[in-house]
Trainee: 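This is the structure I have questions about; it appears just below.
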2 protein chains.
Amino acid sequence: MSLSPNFQPLYKQVYDYMTAKLVRGELKPSEALPSEQALAAELNVSQGTVRKALDLMVSENLLERRQGKGTFVSEFTQESSLFRFFHFREPNGSHLIPDSKIISIKRRACTKAEAKHLSLQAKEKIVELRRVRTLKNKPVIVEKIIQPLSVFPDIDKMDDLPNSLYTLYQEKFAISIVEVREELRAVTVPSDYASYLEIDAGAAVLLVERASVNIDGRIVEWSEAFCKTEDFVYSVNLR
Amino acid sequence: MSLSPNFQPLYKQVYDYMTAKLVRGELKPSEALPSEQALAAELNVSQGTVRKALDLMVSENLLERRQGKGTFVSEFTQESSLFRFFHFREPNGSHLIPDSKIISIKRRACTKAEAKHLSLQAKEKIVELRRVRTLKNKPVIVEKIIQPLSVFPDIDKMDDLPNSLYTLYQEKFAISIVEVREELRAVTVPSDYASYLEIDAGAAVLLVERASVNIDGRIVEWSEAFCKTEDFVYSVNLR
DNA sequence: CAGTGGTCTAGACCACCTT
DNA sequence: AGGTGGTCTAGACCACTGC
């Protein structure tokens with residue numbers, strides 16, 4: 001195997017080469033990579049160059065290193081990274097993942113807004129999934145999730161959807177979410193959602209609009225979540 | 001100069017040594033560091049080890065490299081990093097920093113809650129600053145900012161406070177904010193804030209509680225911001 | 001024990017900036 | 001031309017893992 005001759009630094013070429021393998025699914029989550037020495041020999045570069053490329057991927061959460069064992073493709077579903085994209089927690093600080101219950105699943109043509117957010121053709125088929133999430137038997141979030149059928153074939157025909165959809169995406173659809181983009185607003189709760197959240201009409205809720213980005217850069221999921229933030233807050237740490 | 005003999009990796013010791021210089025103010029924002037070669041000679045390590053330490057600091061936004069010129073202490077006030085901790089923008093995507101107007105400045109003893117958030121002694125003196133921020137002459141945010149006087153001596157006696165407080169902190173008080181921790185909730189607007197935001201009582205607003213962390217790890221500012229999210233949203237990208 | 005990643009070094013050459 | 005950071009290499013030794 002040799003690298004294509006660009007004017008990119010070698011380590012960047014190695015990075016692109018390895019990332020492409022991830023995108024194509026040739027390397028699967030939790031799978032071990034060849035050792036740095038082996039990769040260096042295969043690609044005709046030094047171990048230090050391979051190391052620099054893998055360091056970059058580790059910093060992007062694509063890979064994990066385990067000293068003495070090897071380098072592995074990140075398992076996004078692991079306990080350690082389960083909270084990576086879930087930012088709600090109780091005000092005292094404890095992270096709890098709420099249960100979820102499906103309200104409805106519908107297959108339909110996308111709206112113009114959805115087509116724009118998800119870069120879809122007009123009238124392309126999507127699945128609209130609505131769920132209510134509960135914590136200690138109290139509802140805290142109602143969400144509407146839009147999934148293009150071109151990305152998730154027949155996802156609406158699966159028996160039971162897991163609490164963590166990203167795990168499902170990774171295992172059944174070869175979709176690895178590596179980034180989410182969110183916009184937050186405070187709104188009064190929509191009337192058809194108030195009862196699910198067991199709050200009065202007119203109450204303030206947090207609206208989180210989220211675009212989920214696959215490892216190949218495509219936005220593959222679009223969602224709206226209405227959240228009751230009485231005993232549940234959205235927390236962000238930024239450095 | 002030689003390093004203290006711990007069981008830390010060399011590059012980590014170099015990192016700690018350089019970061020301590022930043023904390024003590026021996027290196028000031030925009031100041032150039034000695035060259036990697038010079039640092040390596042001074043500390044009796046190789047250039048590669050110095051490079052690894054500085055790389056770490058660059059990844060934490062403490063330093064900036066400019067090829068051919070040198071390595072510099074980050075100027076947090078620069079255009080490029082001005083938006084680092086400011087997450088509001090218009091829904092179409094453009095970043096605008098709103099103007100701000102001071103409502104009140106008071107010096108008083110801290111409350112119990114403030115003492116807890118800011119790790120203060122009971123009854124320690126603080127300054128409470130209230131500002132309203134406007135965009136295109138329309139109010140969008142009302143904020144209450146708590147500043148311990150032990151950290152910011154006589155800050156309430158300054159002539160005019162700039163729009164960007166962090167710039168002031170850096171230039172006048174040797175405080176460099178490197179991290180913020182925020183909690184977000186949707187609430188109905190407090191009655192005394194509704195008029196500042198020019199909205200009806202009972203409207204939903206976004207409450208952002210923020211702790212600002214200095215380079216030495218201390219939380220040096222605590223604030224609450226009530227935001228009208230009609231034409232202004234809070235946006236987050238997470239990878 | 002062998003194999004892996006983690007650290008550290010020394011030296012080479014390149015790309016960029018200033019003078 | 002001389003100095004800076006950026007890339008790349010080759011080789012050494014250490015720390016951790018599993019057999």
Side-chain angles (χ1 to χ4, degrees), chain A residues 1-19 21-22 27 30-75 78 80, chain B residues 1-19 21-22 27 30-75 78 80:
Chain A
M1 178 60 229
S2 74
L3 299 161
S4 50
N6 322 4
F7 293 102
Q8 294 268 47
L10 266 182
Y11 78 89
K12 178 67 164 98
Q13 293 179 52
V14 174
Y15 168 89
D16 289 339
Y17 172 75
M18 295 306 294
T19 303
K21 284 209 169 195
L22 282 190
L27 292 168
S30 86
E31 189 176 334
L33 266 60
S35 74
E36 295 181 350
Q37 288 291 2
L39 276 174
E42 178 188 347
L43 302 172
N44 289 308
V45 298
S46 75
Q47 190 202 6
T49 300
V50 169
R51 172 172 288 270
K52 187 158 182 177
L54 299 192
D55 278 346
L56 231 187
M57 297 177 74
V58 168
S59 77
E60 293 176 343
N61 291 307
L62 299 176
L63 302 178
E64 291 172 12
R65 318 188 96 121
R66 291 174 214 155
Q67 181 169 143
K69 300 183 74 174
T71 306
F72 301 79
V73 179
S74 285
E75 181 85 62
Q78 267 186 176
S80 63
Chain B
M1 179 60 230
S2 73
L3 298 162
S4 50
N6 318 356
F7 294 103
Q8 295 269 40
L10 266 184
Y11 77 88
K12 180 67 164 91
Q13 294 180 52
V14 175
Y15 167 90
D16 289 340
Y17 173 75
M18 295 306 294
T19 303
K21 284 209 170 197
L22 282 190
L27 293 168
S30 86
E31 189 176 334
L33 265 62
S35 73
E36 295 181 348
Q37 288 292 2
L39 276 174
E42 179 189 346
L43 302 173
N44 288 308
V45 299
S46 74
Q47 189 202 6
T49 299
V50 170
R51 170 170 291 272
K52 187 157 183 178
L54 299 191
D55 278 346
L56 231 187
M57 297 178 74
V58 168
S59 77
E60 294 175 343
N61 292 306
L62 299 177
L63 301 179
E64 292 172 11
R65 317 187 97 118
R66 292 173 213 156
Q67 181 168 140
K69 300 186 71 176
T71 305
F72 301 79
V73 180
S74 284
E75 181 85 62
Q78 267 184 181
S80 63

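Predicted model only: the values in this text are computed from it and were never measured. Every chain is numbered from 1 and lettered A, B, ... according to where its sequence line falls, protein lines coming before strand lines.
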Trainee: At a heavy-atom distance below 4.0 Å, which nucleotide of DNA chain D is the first touched by chain A, and which is the last?
Mentor: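 From 5' to 3', the first and last contacting nucleotides are D:dT7 to D:dG18.
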Trainee: Taking side chain to side chain donor-acceptor pair (under 3.5 Å) as the definition, give me every residue that meets it alongside A:Glu31, ordered by chain and number, with sequence neighbours left out.
Mentor: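 For A:Glu31, no residue satisfies side chain to side chain donor-acceptor pair (under 3.5 Å) once neighbours in sequence are set aside.
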Trainee: My understanding is that only residues two or more places apart in sequence, or in another chain, count here; which of them pass salt bridge (charged side-chain N to carboxylate O under 4.0 Å, His left out) with A:Arg51?
Mentor: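 Expected list: A:Glu36.
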Trainee: Quick check on DNA chain D: between B:Arg65 and A:Thr49, whose nearest nucleotide comes earlier from the 5' end?
Mentor: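 So the residue in question is B:Arg65.
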Trainee: Hey, which of these two, B:Gly70 or A:Ser46, hits DNA chain D nearer its 5' end, going by closest nucleotide?
Mentor: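 The residue mapped nearer the 5' terminus is B:Gly70.
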Trainee: List for me each residue that meets side chain to side chain donor-acceptor pair (under 3.5 Å) alongside A:Asp55, sequence neighbours excluded, and say none if there are none.
Mentor: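 A:Asp55 satisfies side chain to side chain donor-acceptor pair (under 3.5 Å) with A:Arg65 only.
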Trainee: A:Lys69: which residues meet the side-chain contact (heavy atoms from CB on, under 4.5 Å) condition with it, sequence neighbours left out?
Mentor: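 A:Lys69 satisfies side-chain contact (heavy atoms from CB on, under 4.5 Å) with A:Arg66, A:Phe72 once adjacent residues are dropped.
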Trainee: Could you pull out all residues at least two apart from B:Ser74 that satisfy side chain to side chain donor-acceptor pair (under 3.5 Å)?
Mentor: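 Not a single residue meets the side chain to side chain donor-acceptor pair (under 3.5 Å) criterion with B:Ser74.
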Trainee: Not counting sequence neighbours, which residues clear side chain to side chain donor-acceptor pair (under 3.5 Å) with A:Tyr15? List them please.
Mentor: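 For A:Tyr15, the residues satisfying side chain to side chain donor-acceptor pair (under 3.5 Å) (neighbours in sequence not counted) are A:Glu60.
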Trainee: How far does CG of B:Leu39 sit from CE of B:Met18, to the nearest 0.5 angstrom?
Mentor: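 One finds 5.0 Å between CG of B:Leu39 and CE of B:Met18.
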Trainee: Produce the list of close N/O pairs, under 3.5 Å, pairing protein atoms with atoms of nucleotides 1-3 of chain C; give distances to one decimal.
Mentor:
from, atom 1, to, atom 2, distance (Å)
C:dG3, N2, A:Gly68, O, 2.9

Trainee: Taking only residues two or more places apart in sequence or in another chain, which ones pass salt bridge (charged side-chain N to carboxylate O under 4.0 Å, His left out) with B:Lys12?
Mentor: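 For B:Lys12 the salt bridge (charged side-chain N to carboxylate O under 4.0 Å, His left out) partners, ignoring immediate neighbours, are B:Asp16.
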